[in-house]
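For reference, the structure discussed in these notes is given below.
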2 protein chains.
Amino acid sequence: MLTERQLLILKAIIDDYITHAEPVGSRSVSKREDMNYSPATIRNEMSDLEELGFLEKPHSSAGRIPSQKGYRYYVDHLLSPKKLSKKEISGIQSVFRERFSELEQVIQQSAKILSNLTSYTSIVLGPEIFESTLRQIQIIPLSNESAVAIIVTDTGHVENQTVALPEGLNIHDLEKVVNIINERLKGVPLVHLRHKLTTELGNVFEKYIDQYDTMLSLLNKTFLSQQHEKVFYGGKTNILAQPEFHNVERVKQLFNIFEEDALVTKLFRSDDQGITIKIGQENRFEPFDECSVITATYSFDGKPMGTVGILGPTRMEYQRVIGILDYLSKDLSKLLTTRYQK
Amino acid sequence: MLTERQLLILKAIIDDYITHAEPVGSRSVSKREDMNYSPATIRNEMSDLEELGFLEKPHSSAGRIPSQKGYRYYVDHLLSPKKLSKKEISGIQSVFRERFSELEQVIQQSAKILSNLTSYTSIVLGPEIFESTLRQIQIIPLSNESAVAIIVTDTGHVENQTVALPEGLNIHDLEKVVNIINERLKGVPLVHLRHKLTTELGNVFEKYIDQYDTMLSLLNKTFLSQQHEKVFYGGKTNILAQPEFHNVERVKQLFNIFEEDALVTKLFRSDDQGITIKIGQENRFEPFDECSVITATYSFDGKPMGTVGILGPTRMEYQRVIGILDYLSKDLSKLLTTRYQK
DNA sequence: ATTTAGCACTCGCGTATCGAGAGTGCTAAC
DNA sequence: GTTAGCACTCTCGATACGCGAGTGCTAAAT
């Protein structure tokens, strides 16, 4: 267990390192306002803290920097939640004041304001379309061989896909099928669509439709492809300002990751309600060894729908970012719930 | 006017610089197969070529590198079109052999294969939705206050937008209007949609519809927002491998540009049929001072629809890239024309 | 009149050296 | 338990130096 004084010193060192990005020496710690000890005393404590694994030395005659364990302790025990500044609050609220008509616009704007306020990179996932339910499907023929299938959800999200029409398919039958689906499957979560299609509607189709098989496989194919959550970014290049990314090889790695939505989703997605913090190697992904990821979930009608997150250096301003994410995710949830609740 | 020998030397130097990325000295030029002159002679010629502005020296005792004027001369007069390798041809054709159902997929794949083959960054613009014509519009109500408007074009492209419904709007009237539009405006280019809406259909509406004004402004708003061409990238990070981008500040600038589709469109769009080459400062954009952009247009049914382009260092493999772009743009045009031609 | 050999000169780059500055860790005194 | 003092360590920037690559000029060769 750490003594009161060790806590004080650990916090001082991490705070200092977060703002100045340089190893912290005993002298500069001892000069702090509330620090009534000489550099020598501090040095002894620092040595102990290093032995306990909270600090490390870049080399023998630099100051100390926090270890991953140090950061973890810091966020778990030393973080006093800080109120947002007026500027931050008004920044966030400005997103929600504008009456964006599209949900995606709201989310894109959220990502943008997040990155502006934090000057890190923000990533917003979802909303998970799988959670949303079917409002209507449409199939619009383009030619004899192809058509566009359109799926609209209750949140106003539109997915579309061009499909090749099997030869000899009866367009009128297709229309009939679409009508039946719209009647019977409205309100069904998209995840269950394929299942319901085969079970509940199987017999209905069989009765009315000639090319039952063809039709079914066509629809299945259509629904199947709607898999991915969308990923929104804000300030992709912000993180390049951090000294951690001053070599191009690492930048390349990072941006390659950004190209792969599936990977980003895996890294950022959080199912736990509330704030999640992953520091350095806790991300289990080598290019992020010197990064921390802070995420918060937002929800619609009580159910988690997506994730807002910040990617920054391990040396990031945790308390500020946490405050901002918390505030924004709650506002976003509120907006979604009031907007789409009938 | 340059002598035969000067041309030979200029070409040798540029070819060498393109492959090795290092200033070229007289000795290495003289060692070439078809070069029957001593280093001293070459030195004299190089000195002349420098005076004429085709070459420059990074510093007094390095070799020479091509100037922008040198590259320009090279692409205009010295480039012998090279046949594509088998690998390149089969790479491109593999994109078109796969029966992608969506046009966007084909284009995305084209961008990818372009970047793979060239190991530069590829950018594909369009297809310009403004050129395409209306297949159908749909308005699907979400709640009492909002609805999703969907526009489908003849190329299978789908644009959608959530719109706020004006208070007291009659849903049945809206349906009527949508039906009339689908009857009368099918096949109209999207660019003309707003215009036709007011002129041709104005009087029809006035007859049948109560809230003529409200309806019209609603539809106008909907069509108005469909402005942007879509931008597809391939190998965004490829260009980071070039020594020209070994400082992070420049990388940051570049990626900031990539975030702004409008800017990228402006820089890459080409209306001239065929291949366009912009070298260094010809791009009139500072971050591209050491880059060249090669673009080719692709067309649908004879009309230019979009642009495929490559961003590389000024020192890029022009003849190879030109060959690939030429081949791919033609194949793409062919595909579009056969696929969507009824 | 070209072309070429020879040679002095220039410049960048990698390596080695050095001193300053910042910081530590230990010891001994407070 | 705390602190002053001091030797020691390590990085970093500046300076110096030699090597290698390349040029430009002059004079000789073709």
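Just so we're on the same page: letters track the sequence lines, and every chain starts at 1.
Side-chain atoms of A/Tyr37 lie closest to D/dT3 of the nucleotides C/dT4, D/dT3, D/dA21. The side chain of A/Arg64 lies closest to C/dG25, out of C/dG25, C/dG23, D/dT3.
B/Lys57 places its NZ atom 8 Å from the C1' atom of D/dG24, with the value rounded to the nearest Å. Atom P of nucleotide D/dT11 and atom CD of A/Glu22 are separated by 15 Å, given to the nearest angstrom. Distance, A/Glu45 CD to C/dG25 P: 13 Å, rounded to whole Å. What separates CD of B/Glu56 from C1' of D/dT23 is a distance of 17 Å, to the nearest Å. Regarding A/Ile42, its CD1 atom lies at a distance of 14 Å from the C1' atom of C/dG23, rounded to whole Å. Put simply, CG on A/Asn44 is 12 Å from P on D/dG1, counting in whole angstrom units. To the nearest angstrom, P of C/dG23 lies 15 Å from CG of A/Leu55. A straight line from CD1 of B/Ile65 to C1' of D/dA21 spans 16 Å, rounded to a whole angstrom.
If A/Ala62 and B/His59 are placed on DNA chain C by their nearest nucleotide, the residue sitting closer to the 5' end is B/His59.
Residue side chain B/Ser38 does not reach the base of C/dT4 through any donor-acceptor N/O pair under 3.5 Å, judged by distance alone.
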Would A/Lys236 and B/Phe255 count as a side chain to side chain contact (heavy atoms under 4.5 Å, CB included) here? Give the steps.
CA-CA 8 Å; A/Lys236 258 187 192 172; B/Phe255 278 90; 6.0 Å; no

Pair B/Val248, A/Phe245 - check side chain to side chain contact (heavy atoms under 4.5 Å, CB included), show working.
CA-CA 8 Å; B/Val248 178; A/Phe245 282 91; 5.8 Å; no

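A sub-4.0 Å separation between OP1 or OP2 of C/dT4 and a side-chain N or O of B/Thr41 is present. OP1 and OP2 of C/dT24 both lie 4.0 Å or more from every side-chain N or O belonging to A/Ser47. In terms of phosphate contacts, A/Arg5 brings a side-chain nitrogen or oxygen within less than 4.0 Å of OP1 or OP2 of D/dT2. For the OP1/OP2 pair of C/dT3 and a distance below 4.0 Å, the side-chain nitrogens and oxygens of B/Arg43 include no atom meeting the criterion.
The backbone N or O of B/Ile42 sits nowhere less than 3.5 Å from a side-chain atom of B/Ser26 that would complete a donor-acceptor pair. Remark: side-chain polar atoms of B/Ser122 are not paired, donor with acceptor, to backbone N or O of B/Ile310 under 3.5 angstrom.
With hydrogens and angles left out, the side-chain atoms of B/Thr295 and B/Thr307 include no donor and acceptor closer than 3.5 Å.
Using a 4.0 Å heavy-atom criterion, one finds that B/Ser60 contacts the sugar-phosphate atoms exclusively.
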